[in-house]
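Following: one structure in structure tokens, then a few remarks.
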Amino acid sequence: MGRAFLSLLRRDITLAMRRRTDVLTTLFFFVIVVSLFPFGVGSEQQILRQLGPGVVWVAALLASMLALERLFAADYEDGTLEQLLLTRHPLSLLVLAKVTAHWLLTGLPVVLIAPLIGMQYYLPETAIVAMMLALLVGTPVLSLVGAIGAALTLGLRGGGILLSLLILPLYVPVLVYGAGAVTAAFTTPAESQPYFYLLGAFLVLSLILAPLASAAALRISLE
Amino acid sequence: MLQVVDLACRRGDRRLFSALGFALDPGVLLHVRGRNGSGKTTLLRALCGLLLPEQGTIRWRGEDIRTLGDEYHGDLLYFGHLNGIKGDLTGIENLRIAATLDGDRIDTDDLWRALARMGLEGFEDLPTRMLSQGQKKRVALARLVLSSAPLWILDEPFTALDKDAVVLLQTLIANHVDAGGLAILTTHQEVPLTSGRIQRLDLGTGFDTEH
Amino acid sequence: MKVNWFKFAAPANFYPVAGWLVSVFAVLAAAAILIGLYWGFFETPSVLGGTNPQKEYYRIIFIHVPAAWMSMWLYLVLAGWCAIGLVFNTRLSYMMAAAVAPTGAIFTFLALWTGALWGRPSWGTYWDWDPRLTSELILFFLYLGYIALHSAIDDTRRADKAAALLAIVGLICVPVIFWSINCPDPTQCAALHQRSSLSQMESNILSSMLIMAFGFWMYSFAAAFARLRGIILEREADTAWVQELATKEARR
């Protein structure tokens with residue numbers, strides 16, 4: 001079972017490395033969205049500092065959304081998804097492998113580039129550390145929950161827009177506490193602790209439930 | 001070994017077939033025939049458990065495939081309309097992943113041998129998107145060489161193959177059935193068997209057996 | 001008398017029953033809503049009871065609160081039918097779910113709309129990022145998501161199942177979403193909307209609100225069954241009983 005998980009994970013990463021543009025597109029999208037805000041709201045330090053945490057999180061949601069559309073689509077088109085449904089391994093495990101690969105390729109880069117964005121928004125050092133941590137815990141939740149939507153809208157016309165309509169409302173808690181953690185860390189880092197507990201709880205919950213729901217959704221979509 | 005009782009399937013608003021029943025023993029090849037749109041692919045997908053039939057049960061070794069779940073999938077090899085191979089991966093990589101997911105422990109030499117058997121010598125290390133349609137299909141069918149699954153369900157496996165490949169595939173299927181395996185396929189090609197039985201199922205008309 | 005309830009799980013048997021039910025519930029709904037509105041507008045004090053000084057315009061409460069209740073109840077009903085459909089694979093449950101969803105969305109919209117109208121005189125703004133209002137908005141999106149996914153999929157069976165799964169995922173997320181909106185700071189919860197408790201309310205106000213809620217329930221039944229009849233006919237169009245029905249109607 002572990003071998004199947006690892007080999008699928010490795011496959012998805014190999015595939016992404018052979019088509020690097022897909023990965024880079026998501027990252028650039030994130031950076032561009034975040035960099036556009038100062039043009040709209042002005043570059044005053046105080047305003048940007050206040051907006052920073054929210055903007056980063058909204059951009060992360062959108063970037064994750066953008067990449068999710070392709071999560072199962074390529075496998076669906078060439079028939080490998082059908083084969084994944086017919087292995088002796090639990091489908092939820094294979095879904096988890098795919099989501100893990102997806103997060104490593106789209107979520108992790110966002111976490112790593114966060115300090116740069118933080119500086120653009122004049123965030124204090126403590127807040128930047130909190131932002132990286134919050135993104136590290138929160139973005140996997142986005143990938144996991146988003147996978148359900150990606151599975152449900154598989155192969156539909158206009159699936160991408162529909163996917164956002166279905167999934168974005170479900171992202172609200174992560175957005176609220178993710179941005180909250182960063183804001184709370186402006187003064188004293190310790191104050192953001194409860195936010196991290198909550199984000200952690202969301203991560204555990206979605207790790208358990210989301211692969212099951214995505215697997216069920218895939219079976220429905222491929223019927 | 002495989003038993004189908006009172007099966008009914010519909011596609012969209014149209015009922016394709018109903019009250020379909022048959023039982024297959026080891027060493028049998030079931031040849032599903034019928035016009036376009038008569039529900040051949042739907043039947044095969046239902047037999048795989050990909051599609052929930054409107055009515056009826058499918059039993060594998062006496063148990064409902066719904067309760068068997070992944071255990072049944074382990075005994076099954078399905079080959080559908082899509083090849084199920086990744087264009088960006090080489091033949092070897094594709095085959096290795098397929099084998100690992102099927103749960104077979106296979107060393108690299110076996111993979112090379114399987115591709116060589118499919119007549120792909122010299123193409124093993126190319127990304128499969130560079131190959132021709134027929135060659136892609138050969139890569140996908142190399143899974144049959146490695147497979148230890150007792151039940152093969154093949155949907156139109158002969159299309160896009162040249163004469164040599166057709167003969168090769170016929171041999172593979174015949175060997176599988178001879179060894180006590182079960183094969184279900186839709187095709188317009190006859191598959192000569194040295195031993196074992198061929199059963200025919202005509203969707204829309206009926207079921208007959210020939211020794 | 002012994003009734004075989006499972007008989008009615010078949011659309012063909014349920015269709016005539018639904019037709020009869022629609023008229024019963026429609027009459028009940030009209031009666032309850034008329035009584036509720038009359039009572040609410042003319043028999044209640046002109047000032048909201050207790051410490052709340054709101055005048056006259058508070059009467060929108062008789063539509064606003066029952067609508068908000070219905071929006072949440074109907075989501076539970078929707079998710080319930082979806083769960084039954086997924087577990088027992090009964091077609092009628094999916095049809096029920098699909099029939100309930102638009103009514104739920106309408107009530108959610110009504111609650112938002114009346115909330116805005118009420119907010120204008122009492123808060124001085126049509127929209128406020130009040131936790132309950134925001135939760136209601138998210139609920140509205142969940143309804144829209146269900147309806148959008150259902151209508152985006154051509155194959156009815158896949159549409160039913162996929163939308164059902166979505167409704168259940170939504171149901172699991174709803175408490176977390178509502179809680180996160182209510183308590184953006186985990187150490188304390190916001191409370192812009194006054195905490196209200198039914199027992200502190202003036203009895204006339206309470207009873208007209210309950211009558212309105214009853215009326216809305218009846219309306220929901222009537223609307224859902226009416227829509228269900230349409231769905232049944234559409235989906236069973238190729239069966240013998242629908243064609244018989246069609247010829248009978250034509251002869252009339």
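Protein chains get the first letters and strands the later ones, always in sequence-line order, with residue 1 at the start of each.
Contact of C:Asn89 with chain B is made through the side chain alone, with heavy-atom distances under 4.5 Å.
Taken from CE in C:Met70 to OH in C:Tyr219, the straight-line distance is 10.5 Å, to the nearest 0.5 Å. One finds the CE atom of C:Met95 at 5.0 Å from the CZ atom of C:Arg235 (value rounded to the nearest 0.5 Å). The CG atom of B:Leu76 sits 9.5 Å away from atom CG of B:Leu2, with the distance rounded to the nearest 0.5 Å. Taken from CG in B:Asn94 to OG1 in B:Thr128, the straight-line distance is 5.0 Å, to the nearest 0.5 Å.
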Item checked: Test log, rule side chain to side chain donor-acceptor pair (under 3.5 Å), inputs B:Thr41 and B:His81 -> CA-CA 9 Å; B:Thr41 296; B:His81 283 281; 3.2 Å; yes

*From CA spacing to verdict: salt bridge (Lys or Arg N to Asp or Glu O under 4.0 Å), B:Lys40, B:Asp155*: CA-CA 8 Å; B:Lys40 298 189 293 283; B:Asp155 197 356; over 6 Å; no

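By a heavy-atom distance cut of under 4.5 Å, not one residue of residues 131-147 of chain B is near chain C.
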